[in-house]
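Structure record follows, encoded as structure tokens.
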Amino acid sequence: MNSWVNSAEILGSDLPLELSGTGNRRALLMDALREAVRSGRLAPGTRLPPYRSLAADLGLARNTVADAYAELVAEGWLAARQGSGTRVAERAAPVTPVHRARTPERVARPVHDLVQGQPDPSVFPRTAWLASARRALAAAPDDAFGPGDPHGRPELRRALAGYLVRVRGVRAAPERIVLCSGAAHGLRLLAQVVGGPWAAEEYGLPFHRALLASHGVGTRPLGVDADGARVDGLTRRDRAVLLTPAHQFPTGGPLHPGRRAAVVDWARATGGLVVEDDYDGEFRYDRQPVGAVQGLDPEHVVLLGSVSKSLSPTLRIGWMVLPQRLVGPVVTAKGEREQFSSATEQLTLADFVESGAYDRQVRRMRQRHRRRRDQLVAALERRAPHIRVTGIAAGLHAVLELPPGTERSAVRAAAWQGLAVEGLADYLHPGSEDAGRADAPRDGLVVGYATPAESAYPEALEALCRALPPG
């Protein structure tokens, strides 16, 4: 058995830390620090040395010490705050954080929710929506209350065609639009009609990949870099490719113009299909609007959209703008009657769009989200300037880039702070490493800034900053 004793200078005194054994050095260091706290040799409030200094003193890798610090912060033994370093926690005994059953990285009942993808439900435009509902019901034809057409209500398809042409640069006609209950429903229908295999960005929603797999459609990963998906990796074998070109999810940034042209060329040459998930294309802040890829070739690109980010996911209204050849097969796959989206809600949304209320809501939410994003960036500059934040020119979330090896401990530290937040690794395609990627997976946090109420948001940011690894 190997045994070594090193010392680190803490507040001017030498504290012996004994690391004995041949096991994992991070675990040994954590055990030694816990024992030092239990025995009273490290009193509450005692400042520990910077992890770089302790790593040098103990002959350990910096990441080993940084990860040990972060995990002990998550367990409650230590506390980290920008500007005051890492200290022994003031509480008498650590408390083990409670996690959600779905994944050990999520708290069971978080005090603050920074998980991406959900707007604040308190900002739903109730008054304007009610006004549209009254007008829509008063003007609704009798057939709106009979069996629904699987294409969707013609009033909403006409309203969406005009809106998407004007706002997203889509080449749409009402007869090319089929309504669905959201992007997931659209993917199910396309999986049935198109078949597989598909290519997909190596970072994306695991739910979408699982949904496609449940319909017998396998996916393989395409690399993602600063210019978006590496579409040069597409092959003739791929039946379709799933992309988020307006704002790559979740890493951020639009698909480079050259790659937009290249993916359309691939689709034309191979007969493949580009499936464009336009999940937050309306929310951009520091750049000119990026039009939909569908506008380049409507016969080879499907545009998926919904109101889940702009209004509410509970409305269950989405749309597909389809190549003409796919309209019939998709409607057939959907069924003889509309059984997913309420006709009255479709009529209400049609009035909401036509009256200009939807444009006003999007502008309102864009201003709100930009303010939220600016608060996040300012908090990081003040409390964690060593953390780089990316993907902030658009969307409802940001990515906080972390030092290598610290993502899992940062998620655990966030759980200890009562904060629900996800790591970037949660979105990585499981086949990415097998695909021969040259670079290592990135460490980061995916921080959604749309959900918390106004009054709770500053406190949520404070909790986030406390969970980040020290600089």
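Position 1 is the first residue of the sequence; numbering continues from there.
With a 4.5 Å cut-off on side-chain heavy atoms, Leu349 and Leu315 do not count as touching. Contact of the Asp277 side chain with the Leu205 side chain is not registered, since no non-hydrogen atoms from C-beta on lie closer than 4.5 Å.
Not one N or O on the side chain of Arg87 forms a donor-acceptor pair closer than 3.5 Å with the backbone of Ala79. When atom types are taken as modelled, the side chain of Glu155 and the backbone of Ala350 share no donor-acceptor pair closer than 3.5 angstrom. Without hydrogens or angle criteria, Arg408 side chain to Gly405 main chain gives no donor-acceptor distance under 3.5 Å. Not one N or O on the side chain of Asp351 forms a donor-acceptor pair closer than 3.5 Å with the backbone of Ala136. Between the side chain of Glu202 and the main chain of Val224, a donor-acceptor pair closer than 3.5 Å is present. Distance alone, capped at 3.5 Å, places no donor-acceptor pair between the Asp278 side chain and the Gly305 backbone.
Taking all atoms of both residues into account, the shortest heavy-atom contact from Leu402 to Ala410 is CD1-CB, 3.7 Å. Here the shortest heavy-atom pairing between Ile392 and Arg373 reads O-NH1, 2.8 Å. What you find for Asp359 and Tyr163 is that their closest heavy atoms are OD2-CE1, 3.9 Å.
Under 4.0 Å is where a charged nitrogen must lie from a carboxylate oxygen, and between Arg153 and Glu345 no such pair does. The residues Glu454 and Arg368 are annotated as salt-bridged, a charged nitrogen and a carboxylate oxygen being separated by less than 4.0 angstrom.
Here the rule is side chain to side chain donor-acceptor pair (under 3.5 Å) with Gln417, and of His112, Glu462, Arg466, Arg412 only Arg466 fits it. With Glu299 as the partner, the salt bridge (Lys or Arg N to Asp or Glu O under 4.0 Å) test is satisfied by one option alone out of Arg268, Arg171, Arg176: Arg176.
Residue-environment remark: CD (Gln324) exceeds the threshold of 12 foreign heavy atoms within 6.0 Å. For Arg364, the CZ atom counts as densely surrounded, since its 6.0 Å shell holds more than 12 non-hydrogen atoms of other residues, nucleotides or ligands. Surrounding CD of Glu175 are more than 12 heavy atoms belonging to other residues, nucleotides or ligands, all under 6.0 Å away. Within 6.0 Å of the CZ atom in Arg126, the count of heavy atoms belonging to other residues, nucleotides or ligands does not exceed 12.
Taking the centre of each ring, His247 and Phe283 stay at or above the 6.0 Å mark.
Note that CD of Glu201 and CZ of Arg209 are 10.5 Å apart. Values are rounded to the nearest 0.5 Å.
Looking at Thr244 and Tyr279, their side chains never bring a donor and an acceptor atom within 3.5 Å of each other.
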